[in-house]
Amino acid sequence: MTITETRPSAATPAGPSPAPGAAPAGWFSTVDHKRLGLLLVGGGLAAIVAGCVLAAVYQAPGGANSPYLWTARQSRLSSATTSAALVVGLPAVWLGLFTYVVPLQIGATRLALPRLHALAVWAYGAGALVIAAGYAAGHPSSLNLASPLPPSGGRTHRGHDSTELVIAGLAIVAVAVALCAVSLLVTVISQRAPGMTFARLPALSWTATATCVVIVLAAPVFLSGLLVLYVNQRYGGAFFAAQNRGGTRVWQHQLWLPGRPEALVFTAASLGALCDVVGGRCRRPLAGFTVARAAAVAAVLLTLWAWAANMSVLRSPVIPTATGPTAALALPAGLVVLTWLGTLRLGHPGRHPSLPYVGAFLLVLLLAAAGPVVAAFAGVSGGDAPGLANAQITLLVLGAPLLAVAGALHHWAAKVWGRPSPPGLALLQLLLLLGGIVLLAMPGELVALGAGRRVAIIGVAGAALVALGVLLFAGLALGRRATGAGDDGGLTLEWATSSPPPVHNFDQVPEVHSAHPLLEPATVTATDEGPRA
Amino acid sequence: MTSAPLALPSGAPPPAPPRVTLRAAALVTTVAGAMVFAGLVAAYLAVRASTGAFPPRDVNFDYYTATTLMITLLLSAVTIEWAAYAVRNDMRGQATVGMALTLGLGVAYLNGLTYLIHGLKFGPGAHPYGTLVHAMMLASLVNVLVGLGNLVLTTLRHIGRQVSLENYDILRATAIHWHFVTLAWIAVYYVVYVTK
């Protein structure tokens, strides 16, 4: 199939150009980074909703004696939840945001490898469908990636089709994620506008670059773990049997979600995205801009230390922050928060709906830090109480980055959805997401502290609230577009073009002279408002 | 307002992609590929460190075929560089010969690797060692298939006169990946056949 890209006609008038392929078929052949980003965001949000529905179903009162001593059906649903929400959904939403915003921020007119990126996006969708087919087809075993120990006690059942389908789907998703990261990295390396040096990249672009580096290093290791799992499963091996301690190590470092850098990388990337939200909404450069940017990047890179975890993490109450260095990412996070506070004090933030999400993100981080402390005082460790680890994963791996990406989507709503976020809708969504995440994590914490199985119903309510909150994005996406509205979000380059941006982003490639291009005396814009002072 | 050139001047040919794009893509993809093998080697070392009899006693080592495969790939690394040199110096005939030789050596490697896998006297599910060795062989097989696909496309483009000094980066990117195929096999050879 040949994918063609429509070029603008001669002397394009100022203002947004009509999107090529306005018909639905255009979405299948598009190589426009904005459409590809929207496909990823939409698909990722749908996967998160699916994950929440599954979480509600498996936590619903059933025949088990405890919410964390499940029946085989509940175990399968739990595994599917992890795959849908954490392995497929959340990375897709973040990569979609990066795909949409980063080329605009660096002044690029397109992705460096648009066809590769399109291939990755569709492969991502195909992989997700294969995973869903695997779970629908049977009872996949050995696949709960949130479990710190390989569930298989002995030799695997040979030729288990549903398990192999799920492994194949996960492998396709891992390849797609890696290809998206490669495409974004090469775009940042080769497509920056004249004068847009690395030192002038905005915080989101820097953290997106660092996140892509982490993904390029980590996703292939996950893939190698899946390859071993597949060969073992396909030929009935005993690689992950209890007597093979090496197999357990391989599981922990290459397959177990919190043992891999991908678990916390989007939590760390949230810092960069929210730097742009705070700076943009205060209409001034971030106080300590260089420190904030460096700290956000350091937090992202620190997630690589997740590989250094060993078996002792099973006795730790802070399982998702498996090692000292990964727990130490609280330090750069603290530095970034200080720069936010300084910026908020010096600037005039107004009442934009994206700002409360910053507070909610911090609140969830604090709750995630408090949970293990309480558990440690109560003498409970993650190894004794799997519910505690699940609660930590819910808060740190799902909750915090989900709130951050929701805030970021509201910040860039004019760019992404074509109209600014209605404050009421954004606030309602914040309440649903924050309340849902807290309720979703609560049963795990309570069970660890000795509560009975009845608390599981709280988790059902939490999952339902998160699903509802995410579904509200549909209201934004399907609402009427208001060209040019909400065009005042910040000092970075994406705000120098119209909302939504034209097909080729900038009718004239902007020339950059500082890290805050819109503070420069004149910047070329694609709108008919003229240059922005 | 600063004067800035139009990004996409109407009627003019599309701007050539920056020269760095393909090389950067090849390098980043190669790093990703290297991490797949790094993960497999790490798994091998982890299992070896925790198992007494490693490799198991029933394992046979076909050093002859494995070494021949390494020499084949080293030769192909030379021939693809020959092709690259020829393209840089506008020697079309030599470039064609260089690419054809690389393709031939690549197919020979693929054939030898398949033979080596079939010759293993243990199945993938026999023991953890078997699982890991078969996983590494499978990864090498996929790697060379991707490399050969790349090479065939570049050779076809060369035959269609689309590879020249101006767009030499197409061949350079292919060569970078082909060198990775060689290095990945050397790593597997070193781990499985030398250090065991």
Side-chain angles (χ1 to χ4, degrees), chain A residues 7-12 109 112-113 116 155-156 158 178-179 181-183 185-186 189-191 194 216-225 227-228 230-232 234-239 241 244-247 249-250 253-254 504-511 513 520-524 530-531, chain B residues 1-15 17-51 54 122-139 142:
Chain A
R7 298 173 57 74
S9 57
T12 307
T109 53
L113 306 163
L116 181 81
R155 194 165 281 274
T156 52
R158 187 172 174 164
L179 289 181
V182 167
S183 166
L185 260 182
V186 177
I189 291 170
S190 67
Q191 301 288 316
V216 164
L217 295 175
V221 176
F222 178 48
L223 192 62
S224 68
L227 182 60
V228 173
Y230 177 81
V231 172
N232 183 63
R234 176 79 186 161
Y235 297 97
F239 189 84
N244 180 23
R245 285 188 294 128
R249 279 190 190 171
V250 171
H253 294 289
Q254 299 189 10
H504 285 277
N505 295 347
F506 304 92
D507 286 345
Q508 292 181 313
V509 173
E511 203 165 311
H513 302 284
E520 291 166 16
T523 300
V524 175
Chain B
M1 182 169 150
T2 54
S3 61
L6 279 173
L8 293 162
S10 170
R19 291 181 68 86
V20 72
T21 302
L22 275 176
R23 287 188 194 206
L27 281 172
V28 176
T29 313
T30 300
V31 169
M35 288 307 290
V36 173
F37 283 91
L40 290 171
V41 169
Y44 185 93
L45 297 178
V47 174
R48 188 174 74 177
S50 62
T51 309
F54 199 87
F122 49 89
H127 34 62
Y129 177 83
T131 305
L132 279 172
V133 168
H134 277 272
M136 282 198 230
M137 296 295 175
L138 188 60
V142 173

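Bear in mind that the values here come from a model prediction, so they are computed numbers and not experimental data. Numbered from 1 within each chain, the chains take letters A, B, ... in sequence-line order. What you see below is based on every heavy atom in this structure, not just the backbone, and it leaves out hydrogens, waters and symmetry mates.
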For residues A:S224 and B:G39, report the shortest heavy-atom separation together with the two atoms involved. OG-CA, 3.5 Å
Under 4.5 Å from any heavy atom of chain A, what part of B:A38 do you find: side chain, backbone, both or neither? neither
A:S183: partners by side-chain hydrogen bond (donor to acceptor under 3.5 Å, both in side chains), with sequence neighbours left out: A:H117
On a heavy-atom basis, the closest approach of A:S190 and B:V20 is CB-CG1, 3.4 Å
What part of A:V250 gets within 4.5 angstrom of chain B, counting heavy atoms only: side chain, backbone, both, or neither? side chain
Among A:L179, A:L116, A:L217, A:L113, who wins on heavy-atom pairs under 4.5 Å with chain B? A:L217
Under 4.5 Å from any heavy atom of chain B, what part of A:L185 do you find: side chain, backbone, both or neither? side chain
With a 3.5 Å cut-off and sequence neighbours excluded, list the donor-acceptor pairs that the side chains of residues 129-139 of chain B form with protein atoms.
from	atom 1	to	atom 2	distance (Å)
B:T131	OG1	B:P124	O	2.7
B:T131	OG1	B:H127	O	3.3
B:H134	NE2	B:F122	O	3.0

Taking all heavy atoms of A:V182 and all of B:A25, pick out the closest pair and write down the distance. CG1-O, 4.4 Å
Is A:L223 close to B:M35 at the side-chain level, that is, under 4.5 Å between some pair of heavy atoms? no
What pair of heavy atoms forms the shortest contact from A:G246 to B:S50, and how long is it? N-OG, 2.9 Å
Quick one: pull up CG in B:L27 and CD1 in A:I189 and give me the separation to the nearest 0.5 Å. 8.5 Å
Checking A:A112 against chain B: side chain, backbone, both or neither under 4.5 Å from a heavy atom? both
